[in-house]
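Let me begin by presenting the structure, written as structure tokens, before commenting on it.
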Amino acid sequence: MKLNDLSLFRQQAYINGQWCDADDGEHTLIYDPASGECLGSVPNTGKRETRRAIEAAQAAQPAWRALTAKERAARLADWARLMMSHQDDLAMIMTREQGKPLAEARGEIAYAASYLEWFAEEGKRVYGDIIPAHAPDKRLLVQKEPIGVAAAITPWNFPSAMITRKAGPALAAGCAMVLKPAPQTPFSALALAHLAELAGIPAGLFSVLPSDAARSLEVGKELCENPVVRKLSFTGSTGVGIKLMQQCAAGVKKLSLELGGNAPFIVFDDADLDAAVEGALIAKYRNAGQTCVCVNRFYVQDSVYDAFINKLAAAVGQLQVGSGLTENVSIGPLINAEAVKKVALHQSDALSKGARLLTGGKSLGGNFYSPTLLADVTPDMVVAREETFGPLAPVFRFRDEADVIQQANDTEYGLASYFYARDLGRVFRVAEALEYGMVGVNTGLISTELAPFGGVKASGLGREGSKYGIDEYLEIKYVCLGGL
Ligand SMILES: NC(=O)c1ccc[n+]([C@@H]2O[C@H](COP(=O)([O-])OP(=O)(O)OC[C@H]3O[C@@H](n4cnc5c(N)ncnc54)[C@H](O)[C@@H]3O)[C@@H](O)[C@H]2O)c1
Ligand SMILES: O=C[C@H](O)CS(=O)(=O)O
């Protein structure tokens, strides 16, 4: 790995402020999804290491909580500054282990750092209440307190931002955090731990437990069932989210779940078609279509259908596919062979049921797949219901608002949605009718630390970012003062 600062490339677990191997010496190899090259190895931690990390968190959290919000903020701000001063190296690590183009990786590092900056400040605004009492000798106080030890389990598609979107509010609130990163992308998480150490985040307060897919089940089970852990924040697929929810039920653990999506992208007859094409490229093909808020279904009104798909096909055909290390590449590899297979299956199912291939449609060898556009897609096709999580864009037709709202809402998911229209009445009607946690209007890029990120229905529970995100790591305490 060519880095300016090789100390960022960590091949050990980070537990209680110590860099260590797995207790049983087991380790797992990490591969570059573009080249197949082995990048290095990390310890394959399990239940014993998880318990140690939880005990360390429990020991470290009281002193961290006792700091003022301002003191905690200073450490988080330093962590963010260190991320940005190492942006190039952190981006290189991310591109090598996840595959996204370097420009996108640099963007993610800035996005990830923004959550630390944002919650450093939000921690200073954890206000309580004084409630007008119901009796003259009483005073009613409401205060917010850190929940204690929190656990995080994160996905591979945003190897840094999905971590700081949890660690930022948790530490700002006064909590400790034990993190299990995705098996595919441990190096980004371990680099963050190294920078946290440099920023003065105390030993034990933030631990990182790399593990392969099998050991992840063991680590996750301990995080869900250990009574010291009072909060679990998970980002990943809905199926796994449900399993974790079940494992947390007995301990009545507080949960945040950022799960799968099936985003509609609607183009009305009064849309600016060129703007819609620009928004479609970002909303569909960012991270090679591997984001939870990527468009999964395009809906275009009959009268502008041909004009839109022709414009979009021309734009998609210009997208460059290749290694994320190569300049001007906008579509990197998918994370693995299973991801490529899923895209190919969704495409072959649609074509077998009458869809029309407009551009792309090719597996390019290894984990590369051409950015693809399908027309004449119908609701009986698998792409209508399953999250593709790849660079495949299916385009449906619709007649009018009622028709497209019914189609767009016909899913168990409810994370992100997008539409292009210029009539003001239509904008409000459609934004209010869409059953999603987030709605992009005349834009394909909605994610920012300033806004509440999250979904409804099978897309999860709770919100991350914004003024709401810190509440996920706080408990409300009511104090009733009597006899005054
Ligand atoms: N809503 C969001 O903010 C958001 C963001 C990114 C990804 N996602 C979703 O994540 C999915 C893709 O990411 P993925 O493939 O990493 O998801 P995944 O659910 O397979 O894995 C996510 C994490 O959970 C761990 N995990 C899996 N099974 C587990 C178990 N039984 N116990 C404990 N841990 C377990 C994995 O090791 C990984 O760290 C997509 O569905 C995408 O929509 C959602
Ligand atoms: O995959 C989903 C992440 O939340 C990505 S982003 O926040 O939309 O950039």
Side-chain angles (χ1 to χ4, degrees), residues 28 44-47 50 98 100 104-105 107-108 110-112 114-115 151-166 179-186 189 208-225 232-248 256-263 282-283 286-296 334-336 338-339 342 386-390 413-416 418 436-438 440 444-449 451-465 469:
T28 180
N44 198 8
T45 62
K47 182 174 184 176
T50 305
Q98 195 270 342
K100 66 179 67 177
E104 280 194 37
E108 182 183 336
Y111 179 50
S114 76
Y115 280 105
I153 299 176
T154 53
W156 50 262
N157 64 336
F158 283 78
S160 282
M162 295 305 98
I163 293 172
T164 58
R165 199 155 83 175
K166 300 173 189 306
L179 164 68
K180 191 211 78 68
Q184 304 90 332
T185 54
V208 180
L209 298 163
S211 56
D212 67 8
R215 283 272 174 95
S216 285
L217 310 189
E218 190 181 315
V219 172
K221 189 170 187 295
E222 183 60 26
L223 293 175
C224 289
E225 295 178 353
L232 174 70
S233 182
F234 169 70
T235 295
S237 63
T238 295
V240 172
I242 292 169
K243 279 187 198 142
L244 296 174
M245 206 171 177
Q246 289 164 340
Q247 287 182 176
C248 288
S256 296
L257 299 173
E258 294 288 350
L259 305 177
N262 182 5
I282 297 169
R286 182 161 67 105
N287 200 14
Q290 301 172 118
T291 93
C292 58
V293 292
C294 273
V295 179
N296 209 56
L334 301 189
I335 192 67
N336 55 33
E338 290 73 38
K342 184 175 188 182
E386 271 186 25
E387 183 181 39
T388 303
F389 226 58
Y413 293 103
L415 191 60
Y418 309 86
Y436 293 84
M438 301 178 282
L445 189 58
I446 57 179
S447 304
T448 166
E449 76 282 7
F453 188 105
V456 297
K457 302 188 328 187
S459 290
L461 298 170
R463 292 297 183 271
E464 295 191 312

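Atoms within each ligand, like the ligands themselves, are counted from 1 in listed order.
- Annotation: atom 2 (C) of ligand 2 to nearest protein heavy atom, Cys292 SG, 2.4 Å.
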- Item | Full working for side-chain contact (heavy atoms from CB on, under 4.5 Å) between Glu258 and Leu415 | CA-CA 9 Å; Glu258 294 288 350; Leu415 191 60; 4.3 Å; yes

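- Looking only at heavy atoms of the protein, atom 8 (O) of ligand 2 is closest to Ser447 OG, 2.6 Å.
- Here is the list of ligand 2 atoms found below 4.0 Å of a heavy atom in Val293: 8 (O).
- Near Ile153, meaning under 4.0 Å from one of its heavy atoms, ligand 1 places the atoms 23 (C), 24 (O), 25 (C), 34 (N), 39 (O).
- Inclusion of Lys180 in the set of residues having an N or O under 3.5 Å from an N or O of ligand 1 is warranted.
- Counting heavy atoms closer than 4.0 Å to ligand 1, residue Glu387 contributes side-chain atoms (C-beta onward) but none from N, CA, C or O.
- Per-residue contacts place Leu415 under 4.0 angstrom from the following atoms of ligand 1 (heavy atoms of the residue considered): 1 (N).
- Numbered from 1 in the order shown, with element, the atoms of ligand 2 that lie under 4.0 Å from a heavy atom of Asn157 read 1 (O).
- Counting all heavy atoms, side chain and backbone alike, Ala182 lies closest to Trp156 at CB-N, 3.4 Å.
- The closest approach between Glu258 and ligand 2 stays at or above 4.0 Å for every heavy atom of the residue.
- When each atom of ligand 1 is checked for a heavy atom of Val240 under 4.0 Å away, the hits are 19 (O), 26 (N), 27 (C), 28 (N), 29 (C), 35 (C).
- Listed by number with element, the atoms of ligand 2 under 4.0 angstrom from any heavy atom of Arg165 are 4 (O), 7 (O).
- Residue Phe389 places no N or O, backbone or side chain, under 3.5 Å from any N or O of ligand 1.
- At a heavy-atom distance under 4.0 Å, no atom of Ile446 approaches ligand 2.
- Neither the backbone nor the side chain of Glu108 comes within 4.0 Å of ligand 2, counting heavy atoms alone.
- No hydrogens or angles considered: a donor-acceptor pair under 3.5 Å links the side chains of Ser114 and Glu449.
- Of the N or O atoms in Thr154, one or more lie within a sub-3.5 Å distance of an N or O in ligand 1.
- For ligand 2, the atoms sitting less than 4.0 Å from at least one non-hydrogen atom of Phe453 are 4 (O), 7 (O), 8 (O), numbered in the order shown with element in parentheses.
- Residues Gln98 and Gln184 form no side-chain contact, since every pair of their non-hydrogen atoms from C-beta on lies 4.5 Å or further apart.
- Lys243 NZ: 12 or fewer foreign heavy atoms inside a 6.0 Å radius.
- The minimum heavy-atom distance between Ile163 and Ala189, with the atom names listed, is CD1-CB, 3.5 Å.
- Here Leu244 has side-chain heavy atoms under 4.0 Å from ligand 1, and that is the only part of it that gets that close.
- Of the candidates Ile153, Leu244, Leu179, Leu223 forms a side-chain contact (heavy atoms from CB on, under 4.5 Å) with just one, namely Ile153.
- Distances between N or O atoms of Trp156 and those of ligand 1 include at least one value under 3.5 Å.
- Interface atoms of ligand 1 facing Thr235, defined by a heavy-atom separation under 4.0 Å, are 2 (C), 3 (O), 4 (C), 5 (C), 6 (C), 22 (C), 44 (C).
- Of all heavy-atom pairs between Glu108 and Pro159, the closest is OE2-N, 3.2 Å.
- Residue-level proximity to ligand 2 for Gln290 is absent, since no heavy atom of it falls below 4.0 angstrom.
- Contact atoms of ligand 1 toward Asn157: 6 (C), 7 (C) (distance under 4.0 Å to a heavy atom of the residue).
- Here is the list of ligand 1 atoms found below 4.0 Å of a heavy atom in Gly220: 33 (C).
- Side-chain atoms of Asn262 never come within 3.5 Å of backbone atoms of Asn296 as a donor-acceptor pair (strictly under, hydrogens ignored).
- Of all heavy-atom pairs between Ala283 and Tyr418, the closest is CB-CZ, 4.2 Å.
- Within ligand 1, counting atoms from 1 as listed, the ones closer than 4.0 Å to a heavy atom of Gly260 are 41 (O), 43 (O).
- Compare Ser216, Ala182, Pro181 by their heavy atoms: the one nearest to atom 33 (C) of ligand 1 is in Ser216.
- Taking each of Phe389, Tyr111, Tyr115, Phe158 in turn, the one with a heavy atom nearest to atom 5 (C) of ligand 2 proves to be Phe158.
- Close N/O approach between Lys243 and ligand 1 is not found [any backbone or side-chain N/O within under 3.5 Å].
- Contacts with ligand 1 closer than 4.0 Å are made by no heavy atom of Ile335, backbone or side chain.
- The closest side-chain heavy-atom distance from Gln290 to Leu334 is below 4.5 Å.
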- Derivation and outcome, side-chain contact (heavy atoms from CB on, under 4.5 Å), residues Thr238 and Tyr413: CA-CA 9 Å; Thr238 295; Tyr413 293 103; 3.3 Å; yes

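- Atom 10 (O) of ligand 1 is approached by the protein to below 4.0 angstrom, counting heavy atoms only.
- Cys292 CB, 3.6 Å is the protein heavy atom nearest to atom 8 (N) of ligand 1.
- Ligand 1 lies nowhere less than 4.0 angstrom from a heavy atom belonging to Gly460.
- Only the side chain of Arg165 comes within 4.0 Å of ligand 1, judged by heavy-atom distances.
- Between the side chains of Lys166 and Thr235, at least one donor N or O sits under 3.5 Å from an acceptor N or O.
- Cation-pi geometry between Lys180 and Phe234 is not satisfied (NZ or CZ under 6.0 Å from the ring centre, within 45° of the ring normal).
- Residue Glu258 approaches ligand 1 through these ligand atoms, each under 4.0 Å from one of its heavy atoms: 1 (N), 2 (C), 3 (O), 4 (C), 44 (C).
- In the candidate list Pro155, Cys294, Ala152, Pro155 is nearest to atom 13 (O) of ligand 1, counting heavy atoms.
- Ser447 contributes atom OG, which lies 5.0 Å from atom CZ of Arg286 (distance to the nearest 0.5 angstrom).
- Across all non-hydrogen atoms, the minimal contact from Thr388 to Lys342 is O-CD, 3.7 Å.
- Short contacts between ligand 2 and Thr291, defined as distances under 4.0 Å to a heavy atom of the residue, involve ligand atoms 1 (O).
- Of all protein heavy atoms, the one lying nearest to atom 9 (O) of ligand 2 is Arg286 NH1, 2.9 Å.
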